[in-house]
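Notes follow the structure.
Computed from a prediction, not measured in an experiment: that's the story for all the values here. Within every chain, numbering begins at 1; the chains are lettered A, B, ... in the order of the sequence lines, protein sequences first and strands thereafter.
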Amino acid sequence: MSKYPFSEIEPKWQKYWEEHKTFHTEEDPSIPKDKRRYVLDMFPYPSGAGLHVGHPEGYTATDIYSRYLRMRGYNVLHPMGFDSFGLPAENYAIKTGTHPWETTEKNIRNFRRQIKSLGFSYDWDREVSTCDPDYFHWTQWIFEKLYEKGLAYEAVTPINWCPSCKTGLANEEVKEGHCERCGEKVEKKNIRQWMLRITAYADKLLEGLDTLDWPESVKAMQRNWIGRSEGAAVFFQIDGMDEKLEVYTTRCDTLFGATYMVVAPEHPLVPALTTPEQKADVERYLEETKHKSDLERTDLAKDKTGVFSGSYAINPVNGKRIPIWIADYVLISYGTGAIMAVPAHDTRDWEFAKKFSLPIIEVLKGKVDVQQEAWTEDGEHVNSEWLDGLNKEDAIKKMLEFLEKNGYGHKAVNYKLRDWVFSRQRYWGEPIPLIHCPHCGTVLVPEEELPLRLPTVDKYEPSGTGESPLVNVPEWVNCKCPKCGGEAKRETNTMPQWAGSCWYYLRYIDPKNEKVFVDPEKEKYWMPVDLYVGGAEHAVLHLLYARFWHKVLYDLGLVSTPEPFQRLVNQGMITSFAYQKANKSLVPVDLVEEKDGKYIDKETGEELQQVIAKMSKSLKNVINPDDFIRNYGADSVRMYEMFMGPLRESKPWATNGFIGVYRFLDRIWRIATEKKVEETEMEASIDKLMHKTIKKVTEDTESLSFNTAISQMMVFVNELNKLEVIPKKALETLSLLLSPYTPHLAEELWEMLGHQPSIALEDWPGYDEAKTVDDTVEIVVQVNGKLRARLQMPQGAEKEEMLREAKADSKIQGWIEGKTIVKEIVVPNKLVNIVVK
RNA sequence: GCCCAGGUGGUGAAAUCGGUAGACACAAAGGACUUAAAAUCCUUUGGCCUUUGGCCGUACGGGUUCAAGUCCCGUCCUGGGCACCA
């Protein structure tokens with residue numbers, strides 16, 4: 001069926017670009033700052049499975065945009081690399097004994113081949129790979145800066161432990177109590193960890209969001225994750241003890257309604273609070289909660305449990321004695337690990353109070369009986385002495401004044417954000433460049449000894465005791481202390497995968513520099529990233545960590561911008577069709593057949609419903625672009641992925657739509673090769689359409705609305721196809737407009753039209769605004785808002801004339817005859833609406 | 001439960017400073033060309049009716065307006081994120 005020889009054209013031009021270094025980028029100082037753009041893709045983890053169709057979506061979008069900007073005279077930095085440390089290569093090594101380096105190299109070669117086969121205009125001289133010692137040299141160096149600044153610290157804390165991956169996880173890597181990577185239930189485990197003090201940057205990370213051109217949803221997610229809340233710290237005197245219990249509350253105005261207190265089971269005051277009579281009960285409860293997994297503790301049922309400590313606290317506002325309970329619905333990790341409970345106005349406290357028959361006192365006038373359910377909305381204060389009658393806002397203000405004046409408390413801010421657990425007990429990651437010396441304590445590996453490389457090991461198996469496989473390599477672990485020269489041991493933890501991706505965008509700027517991580521002049525030349533495109537799955541993890549590192553580098557004067565990524569666009573996920581039984585279970589795609597537009601389960605004959613689902617191995621609906629590139633060409637793949645729908649929205653991969661863009665490209669090929677192409681005067685209508693097309697494609701490319709730009713090009717091509725003789729100018733313009741989208745075809749056409757390559761270096765075509773408007777326009781005539789007639793009128797006709805013609809129309813007369821005209825609305829060049837009674 | 005997106009033909013989707021709903025494409029049906037097929041080209045294609053015309057139609061129910069897919073209020077559904085955060 002094929003006439004369009006993509007399999008010859010595409011390798012030809014890919015070779016040309018590579019040999020001529022068409023997309024090599026230099027820091028040309030003569031190009032002003034506002035004519036430079038940094039267009040970045042989220043670099044891939046080179047998995048063994050290779051590229052899937054989601055990758056080229058974002059990569060094509062940035063490639064079109066980069067090629068467009070170059071044609072508009074911008075100097076564009078558009079690099080690609082590989083995020084190559086990570087667990088899959090290590091797990092494969094455990095299974096097969098193959099060194100992760102080998103697996104990773106092989107996968108990178110495959111990824112590079114696949115990416116190149118799509119004809120992207122990357123400057124390959126700038127490729128980086130995070131597992132390359134020349135790269136992680138500087139990852140380690142940045143870690144040392146963080147350490148020197150006091151932002152890295154060691155702690156033995158309960159961390160999220162994945163028993164399957166045998167490593168600690170950051171909070172961000174735990175999803176619903178399960179390991180994000182393997183799905184195993186996450187346990188709590190106390191081990192020695194390196195932590196990064198990201199909490200010190202909570203406010204800066206929050207405030208910076210306001211300056212960014214990012215999707216609101218991603219900003220909202222980061223705000224949620226940081227979780228800043230303003231409230232008060234309140235001190236409760238413990239009855240009969242010289243101790244105070246500090247709580248955090250956002251609603252200090254409800255203090256008169258506090259009828260009991262709760263501390264987390266891990267709270268340090270628990271032993272002191274426990275009275276002899278309660279000791280047995282408390283110990284039993286502590287034992288119980290210790291064995292609950294995180295998931296069980298936060299499980300759906302959320303049945304409240306707890307035990308009375310035996311002690312009482314004094315409510316500072318009224319001197320009442322209130323009991324102190326121990327319960328695991330209070331988390332040690334948030335606030336002070338202790339709360340004042342106001343059961344009338346908090347659902348959780350209410351449930352607990354009901355279960356243990358604690359008093360419920362209403363302090364906000366609500367619409368419900370607080371003995372029956374909690375009232376959690378605002379209301380007038382009652383039973384609150386000097387707060388009675390006030391609303392929430394005023395009452396909080398007044399209470400804060402009272403607390404501060406009497407030393408009972410003060411304003412306080414809390415965050416949900418936790419410090420970042422930065423160490424992993426694994427082999428395939430950047431070694432943390434620290435040495436433990438019995439005399440000098442923790443000492444940094446001297447800068448001149450970086451990069452600190454990974455030793456060769458025989459077994460990649462983690463020890464499972466919370467230590468990395470590196471502990472089994474004594475010749476690597478044992479070393480001399482750089483300070484005192486005595487016997488010392490290396491840190492055996494490695495960095496998490498996120499480390500390398502925290503700063504890779506800076507290394508692209510100066511990838512081969514052996515002296516510094518990035519030359520400051522070059523950094524100033526390109527930063528910040530003008531457009532960053534990638535999946536929404538990195539909304540908190542990568543994008544928060546990278547911002548954190550960048551802000552630290554900024555504070556150290558090492559980078560020139562407070563934020564790394566000025567504009568972020570999330571490409572929508574490419575989903576796939578899946579087939580659902582009546583009981584909602586999904587059937588793998590290879591067990592489904594299509595019959596007369598219906599989908600039938602091959603095994604049972606049951607009729608199935610077509611639904612949209614994430615691509616997954618188990619449903620066998622993962623799509624690899626290689627087959628499509630082979631069968632239809634890279635240009636078709638690029639164009640199809642852009643034509644499917646808006647870049648930002650998720651959309652299903654429906655292969656039957658693919659043929660449409662292929663036909664489109666084939667049609668262009670036939671126009672160029674089978675029709676006469678001559679330097680003729682263009683017919684006015686074609687000329688107008690050409691100018692309209694240039695305008696639409698320009699605007700839509702600029703705004704990343706590639707799907708509508710493509711449909712406009714289709715309209716233009718359909719019109720050209722009707723002509724016997726093709727004006728050369730029209731075909732040249734089409735080639736230029738196509739060139740960011742289907743660069744191989746465009747280069748070939750450009751050459752056929754007698755031009756020197758490369759079309760990528762040509763100027764983007766301009767348009768004449770006057771030619772983008774039609775001489776006559778269709779005017780819609782409505783009567784009472786309903787469409788009744790259409791008129792052809794000259795562009796820019798006067799309102800009076802439009803109205804006169806509308807009323808003169810025979811159809812309209814039928815509608816307005818014998819009625820009173822109440823109102824007449826005229827929108828120039830658009831419509832007339834006559835309102836009658 | 002909370003926070004963010006989104007709901008338009010058989011399908012992917014266009015159209016949002018409120019102004020012709022369904023551009024472009026797929027699929028389907030019919031036709032031309034052909035010994036035949038593929039490819040290509042042309043026509044039709046939201047639903048209904050009494051079909052040179054009319055009525056209905058953008059998840060559902062209200063509202064604002066001369067005019068609502070678009071704005072406002074409420075409801076339902078789908079996707080994503082967070083989740084005992086005091």
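- Atom pair A:Glu824:CD and B:A67:P shows a separation of 16 Å (rounding to whole Å applied).
- Here A:Phe256 pairs with A:Trp386 under the ring-ring contact (aromatic ring centres under 6.0 Å, His included) rule; sequence neighbours left out.
- As judged by a 4.0 angstrom heavy-atom cut-off over every strand, A:Trp815 is placed among residues touching the sugar-phosphate backbone only.
- Here the separation of B:G7 from B:A59, taken at their C1' atoms, is 6 Å to the nearest Å.
- Remark: side-chain polar atoms of A:Lys219 are paired, donor with acceptor, to backbone N or O of A:Leu209 under 3.5 angstrom.
- Take the nearest nucleotide of RNA chain B for A:Ala338 and for A:Glu216: the residue whose nucleotide is more 5' is A:Glu216.
- Among the atoms of the strands shown, none is found under 4.0 Å from any heavy atom of A:Ser333.
- One can place CG of A:Asn224 at 5 Å from C1' of B:C3, the figure rounded to the nearest angstrom.
- For the residue pair A:Tyr248 / A:Ser229, a side-chain donor-acceptor distance below 3.5 Å is found, with atom types taken as modelled.
- Rounded to whole Å, the distance from CG on A:Leu209 to C1' on B:C4 is 14 Å.
- Atom C1' of B:G46 sits at a distance of 15 Å from the matching atom of B:A13, rounded to the whole Å.
- Rounded to whole Å, the separation between the C1' atoms of B:U51 and B:C56 comes to 15 Å.
- A gap of 45 Å separates the P atoms of B:A36 and B:G54, to the nearest Å.
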Base-contact (B) and sugar-phosphate-only (S) positions in nucleotides 13-27 of chain B, heavy-atom cut-off under 4.0 Å, - elsewhere: SSS---BB--BBSSS
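- Aromatic ring pairs are classed by plane angle as parallel below 30°, tilted from 30° to 60° and perpendicular above 60°; the pair A:Tyr632 and A:Phe658 is tilted.
- B:U52 sits 39 Å from B:G62 when the C1' atoms are compared, rounded to a whole Å.
- Rounded to an integer number of Å, the gap from CD of A:Glu674 to C1' of B:U40 is 9 Å.
- If you take atom C1' in B:U16 and the same atom in B:G10, they sit 26 Å apart, rounded to whole Å.
- An anti base is found at B:G63: its glycosidic angle is more than 90° from 0.
- To the nearest angstrom, P of B:A5 lies 17 Å from CE of A:Met573.
- For residues 224-234 of chain A, the set of pairs meeting the salt bridge (Lys or Arg N to Asp or Glu O under 4.0 Å) definition, not counting sequence neighbours, comprises A:Asp203-A:Arg228, A:Arg228-A:Glu230.
- Atom C1' of nucleotide B:C2 and atom CE of A:Met221 are separated by 14 Å, given to the nearest angstrom.
- A:Thr199 meets the side chain to side chain donor-acceptor pair (under 3.5 Å) test with A:Asp419; sequence neighbours excluded.
- For A:Tyr248 and B:A86, the shortest distance from a side-chain N or O to OP1 or OP2 is not below 4.0 Å.
- Here A:Thr347 does not reach the OP1 or OP2 of B:C84: none of its side-chain N or O atoms lies under 4.0 Å away.
- Checking the phosphate oxygens (OP1, OP2) of B:C55, a side-chain nitrogen or oxygen of A:Arg788 falls inside 4.0 Å.
- Shown here are the side chain to side chain donor-acceptor pair (under 3.5 Å) partners of A:Lys807, two or more places apart in sequence or in another chain: A:Glu824.
- Between A:Leu417 atom CG and B:C82 atom P the separation is 14 Å, expressed in whole Å.
- Below the 3.5 angstrom threshold, one finds no donor paired with an acceptor across the side chain of A:Lys416 and the base of B:C82.
- For A:Glu57, the side chain to side chain contact (heavy atoms under 4.5 Å, CB included) partners are A:Gln571, A:Ile574, A:Glu641, A:Met642, A:Leu647, A:Lys651, not counting sequence neighbours.
- Applying the ring-ring contact (aromatic ring centres under 6.0 Å, His included) rule to A:Tyr408 yields the partners A:Phe402; only residues at least two apart in sequence or on another chain are considered.
- In this structure, of B:C3, B:A86, B:C56, it is B:C56 that holds the atom nearest to the side chain of A:Lys786.
- A:Tyr640 places its OH atom 10 Å from the P atom of B:G12, with the value rounded to the nearest Å.
- Judged by closest nucleotide on RNA chain B, A:Val835 is the one of A:Ala536 and A:Val835 placed further toward the 5' end.
- Comparing atom distances between the A:Trp225 side chain and each of B:A86, B:A83, B:U40 picks out B:A83 as nearest.
- Here salt bridge (Lys or Arg N to Asp or Glu O under 4.0 Å) pairs that include residues 244-256 of chain A, with residues two or more places apart or in two chains, are A:Arg251-A:Asp253.
- Put simply, A:Asn721 has a side-chain N or O that comes within less than 4.0 Å of OP1 or OP2 on B:C41.
- Comparing the C1' positions of B:G63 and B:A29 gives a spacing of 44 Å, expressed to the nearest Å.
- A salt bridge is defined here as a Lys NZ or Arg NE, NH1 or NH2 lying under 4.0 Å from an Asp or Glu carboxylate O, and A:Lys304 with A:Asp349 fails to meet this definition.
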Structure string for RNA chain B in dot-bracket form, Watson-Crick and G-U at under 3.5 Å, | interchain: (((((((..(((......[....))).(((((.......))))).((((...))))..(((((..]....))))))))))))....
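- For the P atom pair drawn from B:U8 and B:C3, the interatomic distance equals 24 Å after rounding to whole Å.
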